[in-house]
Number of protein chains: 2
Amino acid sequence: MGRSHMNAMILKLRHGAHLSHSDEERLRALASERRIVAAHEDIIREGERPENIYLVLDGYACRYTILDSGVRSIMAYLLPGDICDLHVALLGFIDHSIGALTRCEVAEIPPQAIDDLGADHPAIIRALWWSTLVDEAILRRWLVSMGRRRADQHLAHFFCELYMRMDSVERVRECSIQFPLTQEVLADTIGISAVHVNRVLQQLREMRLIGLYGKTLTIHDFDRLAEFAGFSSHYLHLKDRMRSEALPPKRDT
Amino acid sequence: MGRSHMNAMILKLRHGAHLSHSDEERLRALASERRIVAAHEDIIREGERPENIYLVLDGYACRYTILDSGVRSIMAYLLPGDICDLHVALLGFIDHSIGALTRCEVAEIPPQAIDDLGADHPAIIRALWWSTLVDEAILRRWLVSMGRRRADQHLAHFFCELYMRMDSVERVRECSIQFPLTQEVLADTIGISAVHVNRVLQQLREMRLIGLYGKTLTIHDFDRLAEFAGFSSHYLHLKDRMRSEALPPKRDT
DNA sequence: CGTTTGATTGACACGAGTCAACACCAGTGG
DNA sequence: CCACTGGTGTTGACTCGTGTCAATCAAACG
């Protein structure tokens, strides 16, 4: 992972605003202070007041909490290109933890560096706000899925979203994405038990809606999966339609 | 309702920043263009690109969607003092509807008026961002409740949050708030069936955790309810502890 | 190689949905 | 003034999705 990828943040923010060459240069510079976070390690812990803003360049991270009962609840995925808490400064402390689900490469950005962007790079600022709003929209969809979809549809919906988000930062190859997460992690993200995740995954595989073997998730017919899940991508506010590579192969009927 | 209340937005934003007299004057001016929305009417419909920013001054409104299956999912409550979509402009269209659950008094604010605040009233800008971040935190808590709490705890948690938010804009009187909503509305906010809402409400009443008769919700012992729900108010990022009037009467033990 | 972590399976329990009937209003109109 | 109405709240019986527990299997790893 993370070898010759283009800076994912730039790929992502292109969906939110038109970025000039100078904008992109500046973004590249922002992500210069890099660090590796081991899997299962926290990036920010609940109650802290983080000094810096974190940007995920590679790997999977998530927002989560542990309830009194001891169960974990995952509230969001941070994928390559995603930024954590652009403006925690306003709230003083953070009300949940951010942890690395896999080994992650992250960049630390001093808040001042963001403020300094304001004058010369308004497009970047707009793109950053755009991404915040999209995060909120995703949160709302998750809430809907959690409340009103059966486990199988919910999981399918999650896979659709993940696939599209990964596609938007060019992490889809041959209808597949790297997905080195355990079923227990999936359980905590869709709010069901790990055992039931297992059952539902088998069902989705049997229906040929997904392939999930080893550490790679494959979606051969995205439209069918989306249909099953009741997924519509409009809430992601992505600029382009799906990249052709991510689409199922054409049949010459 | 809505007779001699202080402008709820000002009460709310005081939690997010210190507002000068001049700031408050300016806020009062913002809410001058008022309108009544009838119960069950939409304020903004999914897919639209709203011209103005809406501010709820009185009544209950909500964000919601209708799924393909026909069920409604309520994703947020807009209480007096709450603002809808400060920055939809960035996204182009809105991916859910906003509707009045009861008769509402709303103010329409042209986006330009917000931009103009930037120069002279930085505290207002900060307070507005604060409120956006709190909205997001609330969304995350809802997600956790939806995924990991039983219906009874979930409902109790919702009541705790509602009570505190209403208290923060001085809408609590004698441990009670106005709550003229049907059990079906509750069902769509908690993500369960209306029949089950009924059963759970009876249980909560029997445990003397809440009183809900007619159109008023009473919480005599907030701490007990919070304990039952696993509620902690930190995520609301409110400035003060609960107002004394909202607390249960002191016993001289 | 044993040890460990994660995936899979089956039996059973329980929370919550569904459907249908009924009770209880607040309006409404005759 | 009363009968009708439609919306809401309440109840019971039954079904179904998911949770829980425990055993087993498979793969990863030092």
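Scope of the values below: all heavy atoms of this structure, side chains included, with no hydrogens, waters or symmetry mates. Letters A, B, ... are given to chains in the order of the sequence lines, protein chains preceding strands, and every chain is numbered from 1.
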### Message
Just the rounded figure in Å: distance from P of dG17(D) to CD1 of Ile192(B).
### Response
18 Å
## Note on the structure
Testing dT18(C), dA11(C), dG6(C) for proximity to the side chain of Arg199(A), the answer is dA11(C)
### Task
Taking only the side-chain nitrogens and oxygens of Gln202(B), find out if one of them lies under 4.0 Å from OP1 or OP2 of dG9(D).
no
### Task
Kindly point out which of dT18(C), dG9(D), dA22(D) is positioned nearest to the side chain of Val195(B)?
dT18(C)
### Query
Parallel, tilted or perpendicular: which describes the rings of Phe222(B) and Phe231(B), with under 30° parallel and over 60° perpendicular?
perpendicular
### Task
Identify whether any heavy atom of Ser193(A) sits under 4.0 Å from a base atom; if not, whether one sits that close to sugar-phosphate; answer base, sugar-phosphate or nothing.
base
### Query
Is Arg205(B) touching bases, backbone alone, or none of the nucleic acid, heavy atoms closer than 4.0 Å?
sugar-phosphate
### Message
Testing the basics here: between Ser168(A) and Arg165(A), what is the closest heavy-atom pair and its distance to 0.1 Å?
### Response
OG-O, 2.7 Å
### Separation of dG17(C) P from Leu186(B) CG (nearest whole Å)
13 Å
### Task
Classify the angle between the aromatic ring planes of Tyr60(B) and Tyr77(B) as parallel (below 30°), tilted (30 to 60°) or perpendicular (above 60°).
perpendicular
#### Entry: Rounded interatomic separation in angstrom, taking CD from Glu206(A) and P from dA7(C)
19 Å
### Message
If I take atom CG in residue Leu181(B) and atom P in nucleotide dG9(D), what distance separates them, rounded to the nearest angstrom?
### Response
10 Å
### Query
Reckon Ala151(A) touches a base, only the sugar-phosphate, or nothing at all at heavy-atom distances under 4.0 Å?
sugar-phosphate
### Task
Rounded off to whole Å, could you give me the CD1-to-P distance for the Ile190(B) and dG17(C) pair?
11 Å
### d(CG, Asp188(A); C1', dT18(D)) in whole Å
15 Å
### Task
Find the distance Arg150(B):CZ to dT18(D):P and express it as a whole number of Å.
18 Å
### Message
Against Tyr54(A), only a single residue in Leu78(A), Val106(A), Asp85(A) fulfils side-chain contact (heavy atoms from CB on, under 4.5 Å); can you say which?
### Response
Val106(A)
### Query
Less than 4.5 Å apart, any side-chain heavy atom of Arg140(B) and any of Asp95(A)?
yes
#### Entry: Below 4.0 Å: OP1/OP2 of dT10(D) and any side-chain N or O of Gln183(B)
yes
### Query
Closest to the Asn198(B) side chain: dA11(C), dG9(D), dG17(C)?
dG9(D)
### Message
What is the distance, to the nearest angstrom, from the NZ atom on Lys215(B) to the C1' atom on dA26(C)?
### Response
9 Å
